[in-house]
Amino acid sequence: MHKIITLDEFVIQSQKSNPYATGELSSLLRDIGLASKIISRAVNKAGLVDIVGKAGQENASGETVQKLDVLADNVLISCLKNSGQCCGIASEENDDFVPISDEHSKNAKYVVLFDPLDGSSNIDVNVSIGTIFAIYRRTSHGEIELKDFTQKGHQQVAAGYVVYGSSTMMVYSTGNGVNGFTLDPSIGEFCLSHRDIKIPENGKIYSVNQANYAVFSEEIKNYVKHCMDKGFTMRYIGSMVADVHRTLIKGGIFFYPATSKSPKGKLRLLYECNPMAMLIEQAGGKATDGHQRIMDLEANELHQRTPVFLGSKNLVTKAEEFIQAHNSITS
Ligand code: AHG
Ligand code: MN
Ligand code: MN
């Protein structure tokens, strides 16, 4: 039997290979792993417990909040508060950032942003959903400030997601490649299952909500037609985590462009696009808003949206050519 490497062991091994590591980030990653196991347990029995369905609330983006979103948000906040390694959090489900200022945490050096439950519309129909997180080193002194959370994506110290699918997997990067861990419920451990993930440079799968075709720009319509003419397969799950995970493993392109309905796109820069962009780039892929690298975009507010095109480098570059072709004609 080959050796099982748990997430905790892997994180500690990675820390040993980094002379500057002090163990705080390792501890934070393990705490996020713990929160993910608790959320996974709730997701796996969501249909049984009166936890499915609407919580009767709306979040900062004006979307109906499902009960599991609230549970996931509370579990992550609680685990991060107990961690002692995090001095502030920002979440899709909270309008403003939340300082963690108890004695245990106020001098911690990291802030964490997260989408506690991504793909909420899929909860009630048993389709894969996920959690997305981004970790930054705080830049402020004294009180936590908005600028600690609105740093550019390339300042991320670590980023990752958990996909609650046919199995529960955590995929993360601390800037030295991307590794995937599958939860073995029989031992309650995330075990290394996908070492050093690399995204294929090409792919034959495009992933977009084609129902929005009528409200796409001409350039996006032309790119979609290009994908169809090339004989690509279209796969769209409607959970960013699941669509990005498939893209990372099989190659292809995932995109949520600006539309006349959503002029800035739908997906949020800070806790959806930046963490995913770090993972895709670390795996050898590309992530842009059609013009600029996602991780170079300026953020001014927590729930800021951006168009996003990410995946196999050659496919994203081709999409940019279509998007920029119009600009070259009109400029
Ligand atoms: P969330 O559930 O966190 O609000 O995210 C949902 C997002 C993302 O997961 C997915 O890619 C996208 O919404 C799907 O949007 P459409 O249903 O408009 O295609
Ligand atoms: Mn989301
Ligand atoms: Mn969400």
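Only this structure's heavy atoms are used, side chains among them; waters, hydrogens and symmetry mates stay out. Ligands are counted one by one from 1 in listed order, and the atoms in each one are counted from 1 as well.
Residue Ile237 is not grouped with residue Met276 when hydrophobic side chains (ILVMFWY) are merged at heavy-atom distances under 4.5 angstrom, including chains of intermediate members.
Atoms of ligand 1 found under 4.0 Å from any heavy atom of Glu92, numbered from 1 in the order shown, are 1 (P), 3 (O), 4 (O). Of all the atoms in ligand 1, the ones that sit under 4.0 Å from a non-hydrogen atom of Leu117 are 2 (O), 3 (O). Counting atoms of ligand 1 from 1 in the listed order, those under 4.0 Å from a heavy atom of Met240 are 8 (C), 9 (O), 10 (C), 11 (O). Atom numbering of ligand 1 starts at 1 in the shown order; those under 4.0 Å from a heavy atom of Lys266 are 12 (C), 13 (O), 14 (C), 15 (O), 16 (P), 17 (O), 18 (O). Distances below 4.0 Å separate heavy atoms of Asp115 from the following atoms of ligand 1: 3 (O). Each of the following atoms of ligand 1 lies closer than 4.0 Å to a heavy atom of Glu272: 3 (O), 5 (O).
Side-chain atoms of Asp148 and Ser140 form a donor-acceptor pair, as typed in the model, at a separation below 3.5 Å. Counted by atom type alone, Ser262 and Arg305 present zero donor-acceptor pairs between their side chains at under 3.5 Å. For Asp73 and Asn94, the side-chain atoms include at least one donor-acceptor pair closer than 3.5 Å.
Within the 4.0 Å heavy-atom cutoff, Asn122 does not count among the residues contacting ligand 1. In this structure, Arg268 counts as a contact residue of ligand 1, since one of its heavy atoms falls inside 4.0 Å of the ligand.
When the N, O or S atoms of Glu92 are ranked by distance to the Mn ion (ligand 3), OE1 comes first. Of all N, O or S atoms in Glu272, the one lying closest to the Mn ion (ligand 2) is OE2. With respect to the Mn ion (ligand 2), Asp115 has OD2 as its nearest N, O or S atom. For the Mn ion (ligand 2), the nearest N, O or S atom contributed by Asp118 is named OD1.
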- Task: Give the C-alpha distance, both sets of side-chain angles, the deciding distance and a yes or no for side chain to side chain contact (heavy atoms under 4.5 Å, CB included) between Leu310 and Val244.
- Result: CA-CA 8 Å; Leu310 60 80; Val244 172; 4.0 Å; yes
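Every N/O-N/O distance between Asp243 and ligand 1 stays at or above 3.5 Å. Checked by distance only, ligand 1 and Ser239 stay at 3.5 Å or farther apart across all their nitrogen or oxygen atoms. Considering both main-chain and side-chain atoms, Asn212 never comes within under 3.5 Å of ligand 1 through any nitrogen or oxygen pair.
With ring centers used as reference points, Phe309 lies under 6.0 Å from Phe255.
Considering every non-hydrogen atom in both Ala134 and Gln156, the closest pair reads CB-OE1, 3.2 Å. Nearest approach of Lys152 to Met295, heavy atoms of both residues: CB-O, 3.7 Å.
Distances from atom 2 (O) of ligand 1 to the heavy atoms of Pro116, Gly119, Ala72, Ala242 show the closest one on Gly119. Evaluated by nearest non-hydrogen atom to atom 18 (O) of ligand 1, the leading choice among Tyr236, Tyr256, Phe254 is Tyr256. The residue among Asp118, Asp69, Val308 with a heavy atom at the shortest distance from atom 8 (C) of ligand 1 is Asp118.
Taking the six-membered ring where the residue is Trp, Phe181 and Phe10 present perpendicular rings, their angle passing 60° and hence far from 30°.
Remark: Gln13 CD is packed, more than 12 non-hydrogen atoms of other residues, nucleotides or ligands lying under 6.0 Å away. No more than 12 heavy atoms of other residues, nucleotides or ligands sit less than 6.0 Å from atom NZ of Lys230.
Put simply, Leu117 gets within reach of the Mn ion (ligand 3), with an N, O or S atom under 2.8 Å from it.
The side-chain contact (heavy atoms from CB on, under 4.5 Å) with Phe114 is formed by just one residue from the set Leu270, Ile89, Ile32; it is Ile89.
Of the heavy atoms in Ser120, both backbone and side-chain atoms come closer than 4.0 Å to ligand 1.
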